[in-house]
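I have placed the structure first, in the form of structure tokens, so that the comments after it can refer back to it.
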Amino acid sequence: MPTTAPMLADRMNSLGTETAFEVLARANALAAQGKSIINLGIGQPDFKTPEHIVEAAIKAMRDGHHGYTPAAGIPQLREAVCRDLHKRHGVEVDPGHVMIMPGGKPTMFFACLIYGQEGTEIVYPNPGFPIYESAIRFSGATAVPYPLREENGFALSAKEVLSKITPRTRLLILNSPANPTGGAVPKSEFDTLVAGLVDWPNVTVLSDEIYGQMLYDGLAHTSLLSYPEIRDRVILLDGWSKTYAMTGWRLGFSVWPADVVRHADKLAVNCHSCVNAPTQFAGLAALEGPQDAVHAMVAAFDARRRVIVSELNQIPGFRCVEPRGAFYAFPNIEGTGLDSKTLQTRLLEEAGVAVIAGTSFGVFGEGYLRFSYANSTENIREAIFRIKAMLT
Ligand code: PLP
């Protein structure tokens, strides 16, 4: 009998996933059964996209912006991105190096496809955003993790990162402020890292700065674009999803080295053609309009951060360092005697609290849970109350 099993490409076995979407689906299913669920799992702002941004998209649709745009995005948005980068980081960027992308994720995927293949290595943070490891493996490259350590506030150690680089390394992925830990790398550590990278001219840096505007305690963001020594080999990943509460719009941007942007453009033409036109006009309004909503959102996250860290530290068996950016807390839960996945499952099924196991972000995430504090203070307090009740 001929087999009817589909014959899939081997590379499909190397693709990972983002567990947050699975936890979200299970949390929604439980909620649909009438269970009370507090979702501290998914990483998206609980605020609405500011009204003037929504209006700009509606106007663009009414004005007839219904067609394809250049694959790299409408010129006025690419120019606005350059002005924004100049304002925030003091750097000059050529709009010809900017790609408007359908979110932040495609930039990491494209970068891994452009630089990774069998026999090469890509160095990435662990625990880190799970798509890094997935995209690296999919490219055929070997995924080489560098650990982020609790005792270091989950900031990378430049020395440790540099020790992972070999003649086979093509790409180094950085992410500060970070998902899932909330760690932020001090400028002095980036200075050391960049000084070391001068010895590795064949290594390109992918700097994921999507949480760059979400920093606390007066910390300033350091963009990797601001280092002239490596400027010709930095890919910047940024976007609107987190800063402007626009996760579902699918809008991001990247800045590429001069000789690489055409490859990213070609991948875009092959893959998605362009970002839908009205969303690009919304992105323009976001960059050019008032920024009060951004500041208000960051202030709200900061207030919740203080609440969640203090509350988490009161749960028996939990220990939580202060996150410095993004909207995640990453407590150590070893004292509960449970592994991360078991605790994630029990918290959702028994206490109705959705959080993500640290192991969803890599092997070095064992012993931790990720809490997103993009939820009301009231819900955060109720979630902690339920967790305490379940564990005691
Ligand atoms: N980079 C990091 C570190 C993230 O946490 C996320 C989303 O959670 C992304 C990139 C992807 O963002 P987007 O939804 O715009 O694709």
Side-chain angles (χ1 to χ4, degrees), residues 16-24 39-47 49 53 73 77 81 99-112 124-136 145-146 148 154-156 171-185 205-215 221 223-224 235-255 264 268 271-272 275-276 279-280 282-283 286-287 301 323-330 354-356 358 360-362 365 370-374:
T17 189
E18 193 183 347
T19 317
F21 284 94
E22 288 164 18
V23 173
L24 179 65
N39 197 338
L40 305 182
I42 195 80
Q44 67 178 340
D46 56 324
F47 298 99
T49 304
I53 300 177
L77 183 54
V81 163
M99 294 282 305
I100 305 301
M101 302 284 260
K105 274 180 180 168
T107 294
M108 55 188 85
F109 215 78
F110 284 11
C112 289
Y124 72 104
N126 189 323
F129 190 54
I131 303 307
Y132 303 145
E133 186 176 328
S134 171
I136 295 167
Y146 60 85
L148 297 177
F154 296 110
L156 59 77
L171 191 66
L172 163 64
I173 302 180
L174 306 174
N175 173 219
S176 175
N179 179 5
T181 61
V185 180
V205 175
L206 168 61
S207 183
D208 182 343
E209 301 180 18
I210 202 154
Y211 297 102
Q213 298 197 58
M214 292 177 177
L215 272 163
H221 178 66
S223 173
L224 268 286
I235 303 164
L236 172 75
L237 182 162
D238 203 335
W240 287 258
S241 296
K242 318 287 174 174
T243 316
Y244 297 98
M246 293 178 72
T247 51
W249 293 71
R250 310 310 303 139
L251 186 64
F253 70 83
S254 30
V255 177
C271 183
H272 58 261
V275 172
N276 78 79
T279 288
Q280 296 192 50
L287 294 184
F301 287 142
R324 316 303 297 276
F327 40 71
Y328 307 107
F330 203 62
V355 297
I356 312 288
S360 298
F361 305 95
R370 187 190 79 173
F371 285 68
S372 161
Y373 50 87

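Indexing begins at 1, ligand by ligand and atom by atom, following the structure's order.
Looking at N276 and R250, their side chains never bring a donor and an acceptor atom within 3.5 Å of each other.
Checking each of Y211, Y373, F371 against Y328 for a ring pair (Phe, Tyr, Trp, His ring centres under 6.0 Å) leaves exactly one that passes, namely Y211.
Between the Q280 side chain and the V275 main chain, a donor and an acceptor come within less than 3.5 Å of each other.
Protein residues with any heavy atom under 4.0 Å from ligand 1: G103, G104, K105, M108, F129, Y132, N175, N179, D208, I210, Y211, S241, K242, R250.
Of all non-hydrogen atoms in P323 and T181, the two that sit nearest each other are CB-O, 4.0 Å. The two residues P125 and I173 come nearest to each other via the heavy atoms CD-O, 3.4 Å. The two atoms that bring H221 and E209 nearest to each other are NE2-OE1, 2.9 Å, heavy atoms only.
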